[in-house]
Amino acid sequence: MSPAILVKAAASILTNEKSRKAVGWVLTAVLSPIILLLAFFCTTFSGGAEHNRTVVDLCFHGGAVPEGTPAEYQAYIQEMRDSFALLDAAMQAVEGQMEEGDGLDDIRVKAVFFALYFGTDDPAAHAGQTFVDCFVTYEERTRTVTTVDEEGNEVETQETYTMAVPISDLQQIWQNLQRLTGTEVSPEQQANADSVYNIVKYGVSTGTEGWIPGADVPFIGADGFCSPIGAGWESRVTSEFGYRRDPFTGETRGHTGMDLAVPTGTPVRAALPGTVTAAQYHSSYGYYVMIDHGSGLSTLYAHNSQLLVRVGQTVEAGDIISLSGSTGRSTGPHLHFEVRVNGQRTNPRYYLPTTSYEE
């Protein structure tokens, strides 16, 4: 049975009262989350089903649920969003026990949670510290601290403290889930968790499939400026900064940035450390991100298919902030990249690291 037929059948069963009665209310109540989840995964991970990833985007990135979505499905999406908020709080508490520079992969935590609990009864009941604890190991460590005694003398003493260390081994995480939560994780759920993670992080369920060569690692120059699409960006330039013939009107107009041709879903990376000041839709830019790097310098990344950051979030050079696309006023998949100095657009070529650069 094709994914489209399965989805149509599932929606029909769940929204049609006569169908429900024919199947049986008890059986439908038990199977409806399974039917929906099965339908979702079949469509999400089948080829060419770009729009079927909407449910993942809605859960992970918010936004209005499309009209006509069954009420049960809307409830599942909202319950997952609420659960993610609880997970964020739990992760923040755990990260407070980590060494500086360490952190949890929040997309991984949420992808696993999504695969295990989407469509189940009261998923929020599982979205606490016990679940997050499955992704870390706790170590007892000692450190030297200096205190002042009653006579005003500095005294060094040893104290014991607990440090949380992120786990990178997925098999260990699966074992922890079974041990700490009692949840039996099937191979199918593990595969689904990986697919959801790849969709959120990379834009495709198979991870880096479809990326251009060099996009899998940051390409950073001597001055710390990172190419938004990796090494070899020079060969991807389709329109330079400055005056050009407008592809829509044919008139000569100023081009405020540089266009870099990349397949939809290519990771777009932050050029420098900074704070996200815009992550939204614009009629011309489409889905775009703007980052303030301080000292009057900012960068803009437009026409994305998906945004992975939010306003107020701090990023480092090389962090993946969005996935490329062709939204807004665009003639095809590409990244429109701008560099602004005190609000004035300037040529990105002055800043981008050259591929021929050698240490």
Side-chain angles (χ1 to χ4, degrees), residues 37 41 44-45 53 56 59-60 80 83-120 123-143 160-211 214-218 230 265 267 269 308-309 313 315-321 323:
L37 191 56
F41 280 123
T44 295
F45 308 130
R53 299 190 313 208
V56 173
C59 290
F60 280 79
M80 192 54 50
S83 298
F84 282 177
L86 295 174
L87 287 175
D88 284 333
M91 285 189 283
Q92 184 176 7
V94 171
E95 287 179 338
Q97 296 178 266
M98 292 184 178
E99 295 277 14
E100 185 176 353
D102 280 348
L104 286 167
D105 186 339
D106 65 317
I107 297 177
R108 177 70 69 186
V109 174
K110 293 176 181 177
V112 171
F113 189 90
F114 184 100
L116 294 178
Y117 299 115
F118 182 85
T120 63
H126 306 279
Q129 184 169 343
T130 299
F131 184 84
V132 174
D133 281 346
C134 297
F135 295 80
V136 298
T137 182
Y138 291 96
E139 299 178 359
E140 293 294 325
R141 299 183 181 180
T142 59
R143 59 189 169 197
T160 301
Y161 66 103
T162 301
M163 179 63 63
V165 181
I167 296 174
S168 58
D169 184 353
L170 279 175
Q171 290 307 310
Q172 182 63 54
I173 291 173
W174 302 130
Q175 293 173 16
N176 287 348
L177 282 165
Q178 182 171 343
R179 178 174 57 86
L180 297 178
T181 70
T183 302
E184 292 284 348
V185 184
S186 68
E188 291 77 14
Q189 287 173 315
Q190 294 183 28
N192 288 339
D194 285 342
S195 296
V196 171
Y197 177 84
N198 288 333
I199 281 177
V200 175
K201 190 171 181 66
Y202 305 119
V204 289
S205 61
T206 51
T208 59
E209 179 183 304
W211 287 15
D216 55 331
V217 293
R269 299 178 184 274
L308 303 180
V309 292
Q313 181 175 336
V315 296
E316 298 298 326
D319 284 353
I320 298 176
I321 57 172
L323 302 176

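Numbering of residues begins at 1 and proceeds along the displayed sequence.
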Checklist entry - Taking atom types as modelled and ignoring hydrogens, do the side chains of Asp194 and Gln190 form a donor-acceptor contact shorter than 3.5 angstrom? => result no
Checklist entry - For Arg143 and Met163, what are the C-alpha separation, side-chain angles and deciding distance, and is it a side chain to side chain contact (heavy atoms under 4.5 Å, CB included)? => result CA-CA 11 Å; Arg143 59 189 169 197; Met163 179 63 63; 5.7 Å; no
Checklist entry - Looking at Val109 and Phe131, what are the two nearest heavy atoms and their distance? => result O-CE2, 3.6 Å
Checklist entry - For Met98 and Ala164, which heavy atoms make the closest approach, and how far apart are they? => result CG-O, 3.2 Å
Checklist entry - Side-chain contact, heavy-atom cut-off 4.5 Å: Arg141 with Val165? => result yes
Next on the checklist: Can you confirm whether Phe135 sits close enough to Met91 that some side-chain heavy atom of one is under 4.5 Å from a side-chain heavy atom of the other?
Outcome noted: no
Checklist entry - Are any of the side-chain heavy atoms of Trp174 and Val112 separated by less than 4.5 Å? => result yes
Item to check | Rounded distance (nearest 0.5 Å) linking atom CD1 of Ile107 with atom CG of Asn198 | outcome: 10.0 Å
Item to check | Sequence-distant partners of Thr160, side chain to side chain contact (heavy atoms under 4.5 Å, CB included), two or more places apart | outcome: Glu140, Thr142
Item to check | Audit row: Ser83, Phe113, side chain to side chain contact (heavy atoms under 4.5 Å, CB included) steps and yes/no | outcome: CA-CA 9 Å; Ser83 298; Phe113 189 90; 3.5 Å; yes
Next on the checklist: Apply side chain to side chain donor-acceptor pair (under 3.5 Å) to residues Glu188 and Asn192 and explain how you reach the verdict.
Outcome noted: CA-CA 6 Å; Glu188 291 77 14; Asn192 288 339; over 6 Å; no
Checklist entry - Per the side chain to side chain contact (heavy atoms under 4.5 Å, CB included) rule, which among Leu104, Asp106, Asp105 passes with Arg108? => result Asp105
Next on the checklist: I'd like to know if the side chain of Gln178 and the backbone of Val185 have a donor-acceptor N/O pair within less than 3.5 Å.
Outcome noted: no
Checklist outcome for this item: What one should report as the nearest heavy-atom pair of Ala111 and Ala193 is CB-O, 3.6 Å
Next on the checklist: Please evaluate residues Leu116 and Leu177 with respect to the criterion side chain to side chain contact (heavy atoms under 4.5 Å, CB included), reporting the C-alpha separation (whole Å), side-chain torsions for both, the decisive distance (0.1 Å), and the verdict.
Outcome noted: CA-CA 10 Å; Leu116 294 178; Leu177 282 165; 4.1 Å; yes
Checklist outcome for this item: Quick note, salt bridge (Lys or Arg N to Asp or Glu O under 4.0 Å) partners involving residues 169-181, not counting sequence neighbours, are none
Next on the checklist: Please give me the minimum heavy-atom distance between Cys134 and Thr181, naming the atom from each residue.
Outcome noted: SG-CG2, 4.0 Å
Checklist outcome for this item: side chain to side chain donor-acceptor pair (under 3.5 Å) filter on Asp88, not counting sequence neighbours, yields Lys110
Checklist entry - Say you draw a straight line from CZ of Phe118 to CD of Gln189; how long is it, rounded to the nearest 0.5 Å? => result 14.0 Å
Item to check | For the student: nearest non-hydrogen atoms of Leu323 and Ile199, plus distance | outcome: CD1-O, 4.1 Å
Next on the checklist: Evaluate Leu308 against Phe60 for side chain to side chain contact (heavy atoms under 4.5 Å, CB included), listing each step before the verdict.
Outcome noted: CA-CA 9 Å; Leu308 303 180; Phe60 280 79; over 6 Å; no
Checklist entry - To the nearest 0.5 Å, what is the distance between CG (Leu180) and CG (Asp133)? => result 7.0 Å
Checklist outcome for this item: Rounded to the nearest 0.5 angstrom, the CG-CG distance for Leu170 and Asn176 is 11.0 Å
Checklist entry - What closest approach, in Å, do Ala90 and Val132 show between heavy atoms, and which atom pair accounts for it? => result CB-CG2, 3.6 Å
Next on the checklist: More than 12 heavy atoms of other residues, nucleotides or ligands under 6.0 Å from CD of Gln92: yes or no?
Outcome noted: no
